[in-house]
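Chain identifiers are assigned alphabetically (A, B, ...) following the order of the sequence lines, protein sequences preceding nucleic acid strands; residue numbering begins at 1 within each chain. Excluded from the calculations below are hydrogen atoms, water molecules and symmetry mates; all remaining heavy atoms, backbone and side chain alike, are included.
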Amino acid sequence: MAYEVALDAFSGPLDLLLNLIQKHEIDIHDIPVSVVTDQYIAYLRSMEELSLEVASEFLVMAATLLAIKSRMLLPRPPRPTTADEDELAEDPRDALVQQLIAYQRIKQAADMLRDRAERQRLVYSRPPMQLSASAPDPHVCLTGVSLWDLVDAFRKLMNRLQPQDRVAEVRVDAVTVEEMMNQLLVRLQRTRAAWFSDLVGMGRTRAEWVTAFLALLELVKEKRVVCRQTAPFEDIEICLRGEAEAC
Amino acid sequence: MLTPMAAALEAVLFAAGHEGMKTRELAELFQVPEEQVRSWCEQLQRVYEERAGGLAIVEIAGAWQIVTRPEFAPYLTRMAQRPAAATLSHAALEVLAVIAYRQPVSRADIEAVRGVQSDRAIQTLIQRHLVREVGREDTPGRPILYGTTDTFLQVFGLRSLADLPPVPEEADLPRHVPLFSHPAVSPRD
Amino acid sequence: MLTPMAAALEAVLFAAGHEGMKTRELAELFQVPEEQVRSWCEQLQRVYEERAGGLAIVEIAGAWQIVTRPEFAPYLTRMAQRPAAATLSHAALEVLAVIAYRQPVSRADIEAVRGVQSDRAIQTLIQRHLVREVGREDTPGRPILYGTTDTFLQVFGLRSLADLPPVPEEADLPRHVPLFSHPAVSPRD
């Protein structure tokens, strides 16, 4: 549990990096990339050792740091006497420094907002006075609100119930691949075709994603569904075999 | 300039709203004898009279409260007739939807569904006579349960609650999360 | 001694409670120009400050209202059981800060600043009515643009977006990072 707290302590790779910089009182404009990179990667390693999932963004940042580090090791071009383009050659750290500074300001702004909200919470108001008694009007007239607005509000509310709230209600006995295959077939019979991401992406937990994916593979193997993709990286369309011509 | 104690008393009476605070309650809050509280209240009452503002301190049924002075009633009547208040905020509509479909329901239940504080929206709905207290839940603290009113039915043109349109998604929702449920297409007029 | 107009204003603001009254609404009620009303409100605000009572006049989200002064909160928390405020996560606060200062802004922009996926936090903020969709960007894919709501102003006690405090050390920032350029005036309802 305590590990999760440690992980949560950083809201992203920039947060972690900024923390390292502050902890070691490093000048943000002149970051010793090699030191920071080592520490950053050491941190990721310790996360892995604790079997914590390291979000991909953290890994991307590690790669970025390594790239900057290697570029810093390259010999700089000899300094020309005139101020031509080469002298203005960028410091490989520039982009990252800009990003860090921008992020630091956001963190400050976030802190400030939190302080304000806390101060505001110390302020009390009172409910409006019951004025309708002095102006009796039994016909409350609502404009711009229809019954459908009400239904819609409720439906949306149900739809956006926190995923974790829903997960709590899932039975302990997990869905089997066979059950999932049936569910997928039922759904495909209803809709004829569906996007791969819709089919698999509706899983609430990692286990469900995997089950759905396996079920889909099984259906492909049994030649009961057909997949097609119009261009590389496009979403994959899944059709029932036989319906393929129609979709 | 008010004394710090008078200022604190003013803040408390203001926030207490139309229910006011009994002398005994104030004495407990400020940890002083009741006579002391009574004398503070009377002092504050005099201060209010002397400044001739829009408000007064009164003691009604043993409870001290701040009220508006009667001579400003015409403005308040006009305020009440403001047509501007005729629409419901998004938040109020959501709360109304939860109450309509889930009644009787407590504030805690409503907030659990919405994930946000909802007391203001509930107050607004009560003021508009769309929602009312229908009882108390039989759990510790006996929280108030809310339900819709006849005005609610009139406003939305319903014969009875049974007339509320079924929410498409609801049937699918309960116990087990249907992993691959079809996204709801709600009928619209 | 308050002037009769100030007294009437005080009564009206008291009656309006936490809903407050917008300058325009007050102007209609008193049948005077908005500037006149604004000056009355500001005068009353000063009177309240000078008497150092338990109350203050504030303008939040464009609406004038009477509230208690923060220093009396200890008495009031004891008195009124306020539902625990749902606190925002670190991530959600960061996203809110980006949206508040740079609105209207797309998810991609937010993620560029934070260096991390932000869709969950955005959903949380929408759910809490702190943030809403304000339009679409005129670029391929027409991504959704987000902005803050009136609830945001209320929660953070701001008169308007122009009231957002400047982030310190603004001078230190290099020119070409227009991170905290003045918030664009976004259409609001």
Measure across B/A15 and C/T68 and return the closest heavy-atom pair with its distance rounded to 0.1 Å.
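Reported closest heavy-atom pair: CB-CG2, 4.4 Å.
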
Closest heavy-atom pair and its distance - B/F14, C/V67:
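Reported closest heavy-atom pair: CE2-CA, 4.1 Å.
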
CZ/B/R51 to CZ/C/R51 distance, rounded to the nearest 0.5 angstrom?
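It comes to 4.5 Å.
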
List the atom pairs, donor and acceptor, that lie under 3.5 Å between side-chain atoms in residues 24-34 of chain B and the rest of the protein, sequence neighbours left out.
| from | atom 1 | to | atom 2 | distance (Å) |
| --- | --- | --- | --- | --- |
| B/E25 | OE1 | B/K22 | N | 2.7 |
| B/Q31 | NE2 | B/E28 | O | 2.9 |

Which bit of B/P74 is near chain C, if near means a heavy-atom gap under 4.5 Å: side chain, backbone, both or neither?
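Neither part.
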
Measure distances from B/A16 to the heavy atoms of chain C and classify the residue's part below 4.5 Å as side chain, backbone, both or neither.
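Both parts, backbone and side chain.
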
Taking B/R120, B/E71, B/M21, B/E50 one by one, which has the highest count of heavy-atom pairs under 4.5 Å against chain C?
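Among the listed options, the one with the most contacts to chain C is B/R120.
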
Tell me the ring pair (Phe, Tyr, Trp, His ring centres under 6.0 Å) pairs involving residues 145-166 of chain C, sequence neighbours left out?
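Found C/F152-C/F156.
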
Do you know which of C/A52, C/P4, C/G17 has the most heavy-atom pairs under 4.5 Å to chain B?
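Most pairs with chain B among the choices: C/A52.
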
Looking at side-chain heavy atoms only, is the closest gap between C/H129 and B/E94 below 4.5 Å?
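Counting from C-beta outward, C/H129 and B/E94 do come under 4.5 Å.
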
Inter-chain contacts: residues 5-13 of chain C against chain B, heavy atoms under 4.5 Å:
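Residues in range: C/M5, C/A7, C/A8, C/E10, C/A11, C/V12.
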
If you look only at distance, which donor and acceptor atoms sit under 3.5 Å apart when one is on a side chain in residues 35-46 of chain B and the other is two or more places apart or in another chain?
| from | atom 1 | to | atom 2 | distance (Å) |
| --- | --- | --- | --- | --- |
| B/R38 | NH1 | B/E59 | OE1 | 3.4 |
| B/R38 | NH2 | B/E59 | OE2 | 3.1 |
| B/Q45 | NE2 | B/I57 | O | 2.9 |

